[in-house]
Amino acid sequence: MNWGTFKDLLSDINQYSTAFGRIWLTLVFIFRLMVYLVAAERVWSDDHKDFDCNTLQPGCTNVCFDHFFPVSHIRLWALQLILVTCPSLLVLMHVAYRKAKDKRLREAGGDSYRCIYPNPGKKRGGLWWTYLFSLIFKASVDMVFLYIFYRLYRNYTLPWVVKCKLSPCPNVVDCFIARPTEKTIFTVFMVVTACICIVLNLIEVAYLIGKRCCEC
């Protein structure tokens, strides 16, 4: 996908989002996706190569690295960003379905046709439920990944030295993580932005439900 297509896609998502949704999209695109692509990937590019243990026992370093880093931060963030942004595409697909249905009925009805979707992007009926589901799904995905990161990397921090006593290591060995402070800073930054996104999603859910209750 080139940048022109990506820009058009973001414009379409913005068009059918509320004010809170536009803030969420800006936060995800600038402070999560761009940071991930520009900086985070480079920070973690040497995580396995520069993971050193004070032993020459074959296989010990690999086993210890797999124990302390069962899943890479980069791969978890990539999966998280994919799952978080997909529901917005679902909303676009629903709007496109409305437009296609309207066009098909117009061609079949001719002059007697009465438009059923004067504004296909208006959040009414099924589209309202689709949009609400997308918000709940995005907030749930971020919460689940925050829990996964917390379970894998306690307090979202990386220590300078970890002690490993797994086989085939001959005894307790010290292993050193490459640039732990820098990685911790990026991890905390991504966690904070994910928390802000969750809050924005929940506010938007409350806004949609409150607006519907007032209209009813």
Side-chain angles (χ1 to χ4, degrees), residues 1 6 9-10 13-14 17-52 64-91 131-164 174-209:
M1 180 184 295
F6 191 62
L9 185 62
L10 289 176
I13 295 175
N14 253 333
S17 301
T18 65
F20 298 107
R22 296 186 184 98
I23 297 173
W24 176 89
L25 184 63
T26 302
L27 191 66
V28 169
F29 178 69
I30 297 179
F31 293 99
R32 295 178 70 175
L33 183 59
M34 293 302 294
V35 169
Y36 170 82
L37 294 175
V38 174
E41 281 190 312
R42 296 182 181 180
V43 172
W44 267 268
S45 62
D46 59 353
D47 54 351
H48 187 230
K49 180 179 65 176
D50 292 341
F51 183 82
D52 295 326
C64 293
F65 180 83
D66 184 68
H67 175 72
F68 290 107
F69 295 94
V71 184
S72 171
H73 286 67
I74 292 298
R75 293 177 180 86
L76 277 176
W77 281 330
L79 181 60
Q80 181 181 7
L81 289 172
I82 290 172
L83 293 177
V84 161
T85 53
C86 279
S88 298
L89 301 180
L90 184 64
V91 174
Y131 196 88
L132 183 66
F133 168 78
S134 71
L135 295 175
I136 296 174
F137 183 82
K138 289 186 287 190
S140 301
V141 166
D142 275 335
M143 290 178 184
V144 169
F145 274 88
L146 286 178
Y147 176 76
I148 292 174
F149 272 105
Y150 180 79
R151 293 290 297 177
L152 293 179
Y153 308 103
R154 186 68 63 179
N155 296 327
Y156 308 110
T157 59
L158 297 175
W160 292 351
V161 182
V162 292
K163 295 186 178 296
C164 180
D174 294 331
C175 296
F176 304 91
I177 300 171
R179 296 186 285 185
T181 303
E182 187 176 9
K183 292 178 179 179
T184 298
I185 291 173
F186 272 98
T187 302
V188 172
F189 176 83
M190 297 295 277
V191 167
V192 170
T193 53
C195 291
I196 296 174
C197 287
I198 292 172
V199 172
L200 287 173
N201 285 326
L202 296 180
I203 291 175
E204 194 170 7
V205 168
Y207 169 76
L208 285 177
I209 295 177

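On a predicted model such as this, the values are computed, not experimentally measured, just so you know.
- Under the ring pair (Phe, Tyr, Trp, His ring centres under 6.0 Å) criterion, F149 pairs with H73, W77, sequence neighbours left out.
- By the ring pair (Phe, Tyr, Trp, His ring centres under 6.0 Å) test, Y156 pairs with Y150, sequence neighbours left out.
- Applying the salt bridge (charged side-chain N to carboxylate O under 4.0 Å, His left out) definition to pairs two or more places apart or across chains, those involving residues 25-36 are R32-D142.
- Remark: S140 engages no residue in a side chain to side chain donor-acceptor pair (under 3.5 Å) (not counting sequence neighbours).
- In this structure, the side chains of T157 and Y153 stay at 4.5 Å or more apart for every pair of heavy atoms.
- Identified under the ring-ring contact (aromatic ring centres under 6.0 Å, His included) test for residues 180-200, with sequence neighbours left out: none.
- In this structure, the separation between CD1 on I148 and CE on M143 is 14.0 Å, given to the nearest 0.5 Å.
- Applying the salt bridge (charged side-chain N to carboxylate O under 4.0 Å, His left out) test to every pair with at least one member in residues 186-196, sequence neighbours left out, gives no pairs at all.
- In F31, the CZ atom is not crowded: 12 or fewer heavy atoms of neighbouring residues, nucleotides or ligands sit closer than 6.0 Å.
- For F20, the ring pair (Phe, Tyr, Trp, His ring centres under 6.0 Å) partners two or more places apart in sequence, or in a different chain, are Y207.
- Within the model, atoms CG of L146 and CD1 of I198 stand 4.5 Å from one another, a figure rounded to the nearest 0.5 Å.
- If you take CG on L79 and CZ on F145, they are separated by 4.0 Å, rounding to the nearest 0.5 Å.
- Using a 30° and 60° split on the angle between ring planes, F51 and F68 fall in the tilted class, from 30° to 60°.
- Not counting sequence neighbours, S72 has no partner by the side chain to side chain donor-acceptor pair (under 3.5 Å) test.
- Looking only at side-chain heavy atoms (C-beta outward), Y36 and L81 come within less than 4.5 Å of each other.
- Sorted by first then second residue, the salt bridge (charged side-chain N to carboxylate O under 4.0 Å, His left out) pairs that include residues 153-164, not counting sequence neighbours, are K163-D174.
- Legend: residues meeting disulfide (SG to SG under 2.5 Å) with C197, ordered by chain and number and at least two apart, are absent.
- From L25, atom CG reaches atom CG of L27 across 9.5 Å, with rounding to the nearest 0.5 Å.
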Requested in this report: Would you please test L89 and T85 for side-chain contact (heavy atoms from CB on, under 4.5 Å) and show each step?
Outcome: CA-CA 7 Å; L89 301 180; T85 53; 6.0 Å; no
Report task. Please lay out, stage by stage, how T18 and Y131 fare under the test side-chain contact (heavy atoms from CB on, under 4.5 Å). Result -> CA-CA 10 Å; T18 65; Y131 196 88; 3.9 Å; yes
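- The CH2 atom of W24 sits 9.0 Å away from the CD atom of E204 when rounded to the nearest 0.5 Å.
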Query - Intermediate values then yes/no, disulfide (SG to SG under 2.5 Å), C175 and C164 - result: CA-CA 7 Å; C175 296; C164 180; 5.2 Å; no
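- Residues in residues 183-203 take part in no side chain to side chain donor-acceptor pair (under 3.5 Å) pair, two or more places apart or across chains.
- With rounding to the nearest 0.5 angstrom, the CH2 atom of W44 is 8.0 Å from the CD atom of E182.
- For the side chain to side chain donor-acceptor pair (under 3.5 Å) test, residues two or more places apart in sequence or in another chain that qualify with R179 are D46.
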